[in-house]
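All residue numbers in this chain count up from 1 along the given sequence.
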Amino acid sequence: QVQLVESGGGLVQAGGSLRLSCVASGRLRSFDDAGWYRQAPGKQRELVATISSGGSTNYADSVKGRFTISWNNAKNTVYLQMNNVKPDDTAVYYCSAERVINVEGARAHYWGQGTQVTVSS
């Protein structure tokens with residue numbers, strides 16, 4: 001059974017840095033695309049960053065220039081490097097990953113359980 005195991009969350013001061021990691025476990029250990037989402041109190045879950053198997057990335061405007069998403073070589077771990085964090089970055093961060101499951105391009109989608117990031121002023 002595939003699971004996404006997240007780590008790296010915690011408390012950090014504004015202006016500091018944090019790196020989140022998301023590791024695939026179980027039989028399926030590589031993915032075609034991955035991303036990070038976050039949900040702050042009182043807000044809906046929002047996209048933070050995505051990365052394709054080819055390395056193409058996209059970022060939310062609110063984090064562009066500060067956060068970096070990346071793969072390891074095996075495409076079974078995705079990272080989110082968070083630099084110059086702001087109090088507005090406080091949220092539960094969720095790792096996601098997808099794998100193409102048939103020739104028509106249907107995808108299975110997996111989610112981590114979330115890791116809390118709190119940025120203090």
Pairwise distance CD(E6) to CG(L80) - rounded to 0.5 angstrom: 10.5 Å
4.5 Å side-chain heavy-atom contact, D89 and R66: yes
Any I51 side-chain heavy atom under 4.5 Å of F31 side chain: no
For S17 against N84, the heavy-atom pair lying closest together: OG-N, 4.3 Å
Partner residues of R107 under the side chain to side chain donor-acceptor pair (under 3.5 Å) criterion, sequence neighbours left out: D33, E98
For Q81, all residues meeting side chain to side chain donor-acceptor pair (under 3.5 Å), sequence neighbours excluded: N83
Other ILVMFWY residues reachable from Y37 by side-chain steps of under 4.5 Å: L47, V92, Y94, W111
Linked hydrophobic residues, Y79 as query - side chain contacts closer than 4.5 Å: none
Validation row: M82, V117 side chains within 4.5 angstrom (heavy atoms): yes
With sequence neighbours excluded, residues passing side chain to side chain contact (heavy atoms under 4.5 Å, CB included) with V5: S25
Under 3.5 Å: donor-acceptor pair, side chain of N58, backbone of A49: no
Closest non-hydrogen atom pair between A14 and P87, with its separation: CB-CD, 4.1 Å
Set of side chain to side chain contact (heavy atoms under 4.5 Å, CB included) partners for N102, sequence neighbours left out: E104, A106
Side-chain donor/acceptor pairs under 3.5 Å, residues 67-74, sequence neighbours excluded:
{"residue": "W71", "atom": "NE1", "partner": "S52", "partner atom": "O", "Å": "2.7"}
{"residue": "N72", "atom": "OD1", "partner": "K75", "partner atom": "N", "Å": "3.0"}
{"residue": "N72", "atom": "OD1", "partner": "N76", "partner atom": "N", "Å": "3.1"}
{"residue": "N72", "atom": "OD1", "partner": "T77", "partner atom": "N", "Å": "3.0"}
{"residue": "N72", "atom": "ND2", "partner": "N76", "partner atom": "OD1", "Å": "2.6"}
{"residue": "N72", "atom": "ND2", "partner": "T77", "partner atom": "OG1", "Å": "3.4"}

T118: side chain to side chain donor-acceptor pair (under 3.5 Å) partners, not counting sequence neighbours: Q116
Closest non-hydrogen atom pair, L20 against W36: CB-CH2, 3.6 Å
Note, H109 side chain near R99 side chain (heavy atom, < 4.5 Å): no
Listed once per pair and sorted, the disulfide (SG to SG under 2.5 Å) pairs that draw on residues 90-121, sequence neighbours left out: C22-C95
Pairing residues for K64 by the side chain to side chain contact (heavy atoms under 4.5 Å, CB included) criterion, not counting sequence neighbours: Y59
Residues which pass side chain to side chain donor-acceptor pair (under 3.5 Å) with E46, listed by chain and number, not counting sequence neighbours: R38
Pairs where residues 46-84 contributes a residue and the test disulfide (SG to SG under 2.5 Å) is met, not counting sequence neighbours: none
